[in-house]
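Here's the structure, in structure tokens; my notes come after.
So that the names make sense, note that chain A is the first sequence line, chain B the second, and so on, each numbered from 1.
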Amino acid sequence: MGKVATYGQIADLAGLPGRARLVGKALGQVPDGGWQGKPVPWFRVINSQGKISLPLASDAFNRQRTMLQDEGIVVIGAKIRLQDFQWQPDITELLFKLSY
DNA sequence: CAGTTGACTATCT
DNA sequence: TAGATAGCCAACT
């Protein structure tokens with residue numbers, strides 16, 4: 001089952017507290033192919049209300065909703081139940097990352 | 001230099 | 001649940 005994260009959550013983990021808007025701007029800049037050869041799963045990021053932060057009618061919106069559903073995430077309209085699908089790293093997972 | 005503008009959020013009504 | 005409001009901050013006008 002896929003999981004999603006909010007802009008604020010990503011900003012915090014990236015050491016940029018309070019800069020959720022920057023995360024959104026950054027993701028918006030990423031070309032289709034990814035960044036420097038690496039794919040970027042920008043579609044797994046949504047806003048704190050659990051909704052896709054794109055115009056309902058846009059191609060980008062439909063693209064994101066499709067990608068999320070492909071990963072098993074239930075999207076109703078633009079909304080996702082964060083209670084069920086928000087990524088919540090546990091203490092063990094975070095501690096292991098310190099060894100890099 | 002002053003305003004505007006966002007793939008944002010938290011807090012009130 | 002939905003709208004208004006006020007912070008946020010880098011990039012543009």
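Nearer the 5' end of DNA chain B, as judged by each residue's closest nucleotide, is the contact made by Leu22(A), out of Leu22(A) and Gly8(A).
Under a hydrophobic-cluster definition in which Ile, Leu, Val, Met, Phe, Trp and Tyr are linked whenever side-chain heavy atoms come within less than 4.5 Å, directly or via other members, Leu13(A) and Ile46(A) are assigned to different clusters. Under the 4.5 Å side-chain contact rule for hydrophobic residues, Met67(A) and Phe85(A) share a cluster.
Here CZ of Arg44(A) is found 11.0 Å from CH2 of Trp87(A). Values are rounded to the nearest 0.5 Å. Atom-to-atom distance recorded for Leu16(A):CG and Arg21(A):CZ is 15.5 Å, nearest 0.5 angstrom.
Lys79(A) comes within contact range of the sugar-phosphate backbone alone, with a heavy-atom separation under 4.0 Å but no base atom that close.
When the P atom of dA11(C) is taken as reference, atom CG of Leu16(A) falls 12 Å away, rounded to whole Å. Put simply, CG on Leu82(A) is 14 Å from C1' on dC8(B), counting in whole angstrom units. Put simply, CZ on Arg65(A) is 19 Å from P on dA7(B), counting in whole angstrom units. Separating the CZ atom of Phe61(A) from the P atom of dA7(B) is a distance of 15 Å, rounded to the nearest angstrom.
Within a 6.0 Å sphere centred on CD of Glu93(A), heavy atoms belonging to other residues, nucleotides or ligands number more than 12. Counting heavy-atom neighbours within 6.0 Å of Asp70(A) CG, excluding the residue itself, gives a total above 12. Open room surrounds CG on Asp59(A); 12 or fewer heavy atoms of other groups in view lie less than 6.0 Å from it.
The stretch residues 25-50 of chain A touches DNA chain C through Lys25(A), each having a heavy atom within less than 4.0 Å of the strand. Taken residue by residue, residues 52-60 of chain A places heavy atoms nearer than 4.0 Å to DNA chain B at Ser53(A), Leu54(A).
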Please walk me through it: do Ile52(A) and Arg65(A) pass side-chain contact (heavy atoms from CB on, under 4.5 Å)?
CA-CA 8 Å; Ile52(A) 290 177; Arg65(A) 192 180 55 181; 4.0 Å; yes

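Gln64(A) contributes a side-chain N or O that, together with a main-chain N or O of Phe43(A), makes up a donor-acceptor pair within less than 3.5 Å.
A gap of 22 Å separates the P atoms of dA7(B) and dG7(C), to the nearest Å.
The side chain of Thr6(A) has dT9(B) as its nearest neighbour among dA7(B), dT9(B), dA10(C).
For dT9(B), neither phosphate oxygen OP1 nor OP2 lies less than 4.0 angstrom from any side-chain nitrogen or oxygen of Arg21(A).
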